[in-house]
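Chain identifiers are assigned alphabetically (A, B, ...) following the order of the sequence lines, protein sequences preceding nucleic acid strands; residue numbering begins at 1 within each chain. Computed over heavy atoms, backbone and side chain alike; hydrogens, waters and symmetry mates excluded.
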Protein chains: 2
Amino acid sequence: MKARVHITLKSGVLDPQGKAIAQALGNLGFGDVHGVRQGKYIELELADTDREAAAERVESMCQKLLANTVIENYRIDLDD
Amino acid sequence: MKARVHITLKSGVLDPQGKAIAQALGNLGFGDVHGVRQGKYIELELADTDREAAAERVESMCQKLLANTVIENYRIDLDD
């Protein structure tokens, strides 16, 4: 089973990488970009075949390692 | 209009970040994770209202700045 995890900064948390991208895009002539936020995208290949068990395990991985829940949100999508 | 860009390493390209995550997950007791690939996820807020024009501009941004097309693939999703 494949899990796709999106990790994004919570709104209100400063995103210097996003700001740098926005500025670089402006310099390249893409001035109409109002906001850029950069996050992480992680693909996990799991041995689990049970969907519920897999969801629970990936949730636990996010809490313990993948995301810093003080400043980041995460979203988990599971593919069969 | 909002654009969501996923940037992932092409298959075959070494992903040391992914390997480090897989190892850390193993140390935390998540031994059943077979493979981890880490990519980037970028959200862009665009002034464009025309979907086709926006898609073209974001495609151009990916080619010029956001992705290294030698080693990375990108996928663009547009929300209204």
Side-chain angles (χ1 to χ4, degrees), chain A residues 1-11 13 15 17-50 53-67 72-79, chain B residues 1-11 13 15 17-50 53-67 72-79:
Chain A
M1 186 175 285
K2 202 169 198 173
R4 299 166 201 277
V5 181
H6 287 84
I7 297 164
T8 48
L9 284 170
K10 289 183 179 174
S11 59
V13 177
D15 180 3
Q17 264 187 304
K19 282 218 183 311
I21 293 172
Q23 198 173 343
L25 286 172
N27 294 342
L28 286 171
F30 300 106
D32 63 337
V33 179
H34 293 317
V36 181
R37 303 281 285 173
Q38 172 159 4
K40 282 177 278 186
Y41 171 63
I42 301 173
E43 288 181 351
L44 303 157
E45 197 64 55
L46 303 168
D48 295 78
T49 49
D50 179 45
E56 212 170 281
R57 283 175 71 78
V58 178
E59 172 88 27
S60 173
M61 290 175 203
C62 287
Q63 291 279 348
K64 286 186 184 163
L65 180 77
L66 303 179
E72 291 172 329
N73 291 321
Y74 58 87
R75 195 181 80 228
I76 299 165
D77 300 301
L78 288 173
D79 286 0
Chain B
M1 188 175 287
K2 201 169 198 172
R4 297 165 202 277
V5 181
H6 287 83
I7 298 164
T8 49
L9 285 170
K10 289 184 178 173
S11 58
V13 177
D15 179 4
Q17 265 189 303
K19 281 219 185 309
I21 293 172
Q23 198 173 342
L25 286 173
N27 294 342
L28 286 172
F30 300 107
D32 63 338
V33 180
H34 293 317
V36 181
R37 302 283 284 174
Q38 172 157 4
K40 282 177 277 187
Y41 171 64
I42 301 173
E43 287 180 351
L44 302 157
E45 197 64 54
L46 304 168
D48 295 78
T49 49
D50 178 44
E56 212 170 282
R57 284 175 72 76
V58 178
E59 174 86 27
S60 174
M61 290 176 203
C62 286
Q63 291 280 348
K64 287 186 183 162
L65 179 77
L66 302 179
E72 292 172 328
N73 290 322
Y74 57 86
R75 196 181 81 228
I76 299 166
D77 300 300
L78 288 173
D79 287 358

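For the atom pair L44(B) CG and Q38(A) CD, the distance stands at 10.0 Å (nearest 0.5 Å). For the atom pair M61(A) CE and I21(B) CD1, the distance stands at 11.5 Å (nearest 0.5 Å).
More than 12 heavy atoms of other residues, nucleotides or ligands sit less than 6.0 Å from atom CD of E72(B). The environment of E45(A) atom CD is dense: over 12 non-hydrogen atoms of other residues, nucleotides or ligands sit within 6.0 angstrom. Counting non-hydrogen atoms of neighbouring residues, nucleotides and ligands closer than 6.0 angstrom, the CD atom of Q63(B) exceeds 12 such neighbours. Within 6.0 Å of the CD atom in Q23(A), the count of heavy atoms belonging to other residues, nucleotides or ligands does not exceed 12.
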What pairs of donor and acceptor atoms, side-chain ones from residues 4-11 of chain B against any protein atom, are under 3.5 angstrom apart with sequence neighbours left out?
| unit_1 | atom_1 | unit_2 | atom_2 | d |
| --- | --- | --- | --- | --- |
| R4(B) | NE | D79(B) | OD2 | 2.9 |
| R4(B) | NH1 | Y41(B) | OH | 3.1 |
| R4(B) | NH1 | E43(B) | OE2 | 3.3 |
| R4(B) | NH2 | D79(B) | OD2 | 2.6 |
| H6(B) | ND1 | R75(B) | NH2 | 3.3 |
| H6(B) | NE2 | H6(A) | NE2 | 2.5 |
| K10(B) | NZ | T69(B) | O | 2.8 |

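Residues satisfying the side chain to side chain donor-acceptor pair (under 3.5 Å) criterion with E59(A), sequence neighbours excluded, are Y74(A). Contacts of A53(B) classified as side chain to side chain contact (heavy atoms under 4.5 Å, CB included), with partners at least two apart in sequence or in another chain: D48(B), D50(B).
Heavy-atom pairs under 4.5 Å with chain B were tallied for A3(A), A24(A), G18(A), G39(A); the largest tally goes to G39(A). Top candidate by heavy-atom pairs under 4.5 Å with chain B, chosen from L46(A), V58(A), L65(A), is L65(A).
Interface residues of residues 27-36 of chain A toward chain B, defined by a heavy-atom distance below 4.5 Å and sorted by number: L28(A), G29(A), F30(A), G31(A), D32(A), V33(A), H34(A), G35(A), V36(A).
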